[in-house]
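Step one of this worksheet: look at the structure below.
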Amino acid sequence: MTLQQTGAPMTHQDKKQAPSLKLQRTLAMILLLCQGGITVTGSLVRVTGSGLGCNTWPLCHEGSLVPVAGAAPWIHQTIEFGNRLLTFVVAAAAIAVLWAVYRASRGRDAQFLAWFSLVGVVVQAIIGGISVRLDLQWWAVAVHFLPSMVLVWVAALLYMRLAEDESTVAQDRYPGHIRVIAVIAAVALSCVLVTGTMVTGSGPHSGDASVGMEGRLAIDTALLAYIHAGCMYAYLLLTVITFFLLRRAKAPHAAQKTSWILLGLIVVQWAVGLSQYYMGVPRWTIPIHIGLSSLVVAFTAFLYAHAVRRELLYR
């Protein structure tokens, strides 16, 4: 099938030189994995107290782009500087996707999502630098984390949209009232993520070994944990309702399968969160919890994308 942009159709020579659909989606999946993966490495920075291993930005230390012996514990410098370097990996993945989207003359939706991903990486790097300059105040760290979840969502949507033939008309794949509930569930997920950052912001893991509880959110962690759990139960309930309504409406198998996987991920995430609460938030659980958050966001985006789709470019 012909991939359509806003201009003239692709010539035969253009088609031969354009990246294949498989390559486009592979690059999009790599971008999605990178966007989720860097949230996990960011959590490693936090739980190891390495957030100020590089104490300024964009340099690592005053007058030096790279770690300096003795300026901070070497392990903290290595972890923080390594996480900064991973930003370039994510940026490279975003650039590769943008290149593929334009070379294949994909439509405006795909171009917008690809540009959003690349610009988002740059903005995230700046936000991360600001959080360092603010000595990892809890709200600055939260502001750094939440856009990452947005970028995971965008990368997941892009992966789904690249499978579609943009020359065809988008069609509803399941009833509108189910889509409304799915959107409300996504809003509930946003509340889960926001309250989760507040729980972390009031807890013991500041991101820097020397900071302790200075600059933490001065609200009882247990209270915030209950609010966070309440948001999670609301999100779970709405996802369960969506799952059963999709089955009742005989929605496409792919949408039903996505909702089933999403439910499984939420249950696992719930179990990890509950374990964290009763175990006193051990460090090793946090990267797992963050990684699962990225998976939950990605599959929520997949389910949202299943609601309205064009004809697929493959069968």
Distance-minimising heavy-atom pair for [X] and [Y]:
X    : Y    : answer
V296 : L262 : O-CD1, 3.7 Å
A156 : A298 : CB-O, 3.7 Å
L44  : T48  : O-OG1, 2.7 Å
L265 : L292 : CD2-CD2, 4.3 Å
S64  : P67  : OG-O, 4.4 Å
S259 : F243 : OG-CD1, 3.1 Å

I'd like to know if the side chain of [X] and the backbone of [Y] have a donor-acceptor N/O pair within less than 3.5 Å.
X    : Y    : result
D220 : L223 : yes
H61  : G53  : yes
S50  : R46  : no
Q111 : V101 : no
H306 : T258 : no
E166 : G107 : yes
H144 : I127 : no

Between atom [atom1] of [X] and atom [atom2] of [Y], what is the distance when rounded to the nearest 0.5 Å?
X    : Y    : atom1 : atom2 : answer
R25  : R161 : CZ    : CZ    : 11.0 Å
T285 : Q276 : OG1   : CD    : 3.5 Å
M149 : L189 : CE    : CG    : 9.5 Å
L238 : Y233 : CG    : OH    : 15.0 Å
L98  : L113 : CG    : CG    : 11.5 Å
T200 : H228 : OG1   : NE2   : 7.5 Å

Flag the pair [X] / [Y] as yes when at least one side-chain heavy-atom distance between them is below 4.5 Å, and no otherwise.
X    : Y    : value
V141 : F145 : no
W139 : T197 : no
L193 : L146 : yes
T87  : Q124 : no
L303 : L246 : yes
M29  : L32  : yes
Q171 : R309 : no
R133 : T56  : yes

Hphob cluster co-occupancy, [X] + [Y], side-chain heavy atoms under 4.5 angstrom:
X    : Y    : answer
V183 : Y235 : yes
L237 : I184 : yes
V187 : L236 : no
F81  : W57  : no
L52  : L59  : no

>> Can you tell me how the ring of F112 sits relative to the ring of F116, calling it parallel under 30°, perpendicular over 60° and tilted otherwise?
In response: tilted

> When the ring planes of W115 and Y102 are compared, do they come out parallel, tilted or perpendicular, using 30° and 60° as the limits?
Replying inline: perpendicular

Any donor-acceptor pair under 3.5 Å linking the side-chain atoms of [Y] with those of [X]?
X    : Y    : result
Q24  : R103 : no
Q35  : S148 : no
S294 : T39  : yes
S131 : Q137 : no

>> Applying the side-chain hydrogen bond (donor to acceptor under 3.5 Å, both in side chains) criterion to E80, which one of H76, R84, Q77 satisfies it?
In response: R84

>> side chain to side chain contact (heavy atoms under 4.5 Å, CB included) for N83 and I38? Distances and angles first, verdict last.
In response: CA-CA 7 Å; N83 187 63; I38 200 167; 4.0 Å; yes

> Do the charged groups of R310 and D109 touch, with an N to O distance under 4.0 Å?
Replying inline: yes

>> Pair I126, V123 - check side chain to side chain contact (heavy atoms under 4.5 Å, CB included), show working.
In response: CA-CA 5 Å; I126 295 172; V123 172; 5.6 Å; no

> Are E164 and E311 close enough, and set up right, to give a side chain to side chain contact (heavy atoms under 4.5 Å, CB included), and what steps lead you there?
Replying inline: CA-CA 6 Å; E164 300 174 2; E311 290 294 324; over 6 Å; no

> Considering residues, nucleotides and ligands other than W99, do more than 12 of their heavy atoms fall under 6.0 Å from its CH2?
Replying inline: yes

> Which ring pair (Phe, Tyr, Trp, His ring centres under 6.0 Å) pairs, counting each pair once, include a residue from residues 146-189, with sequence neighbours left out?
Replying inline: W153-Y304

> What disulfide bond (SG atoms under 2.5 Å apart) pairs are there with at least one residue in residues 35-136, not counting sequence neighbours?
Replying inline: C54-C60

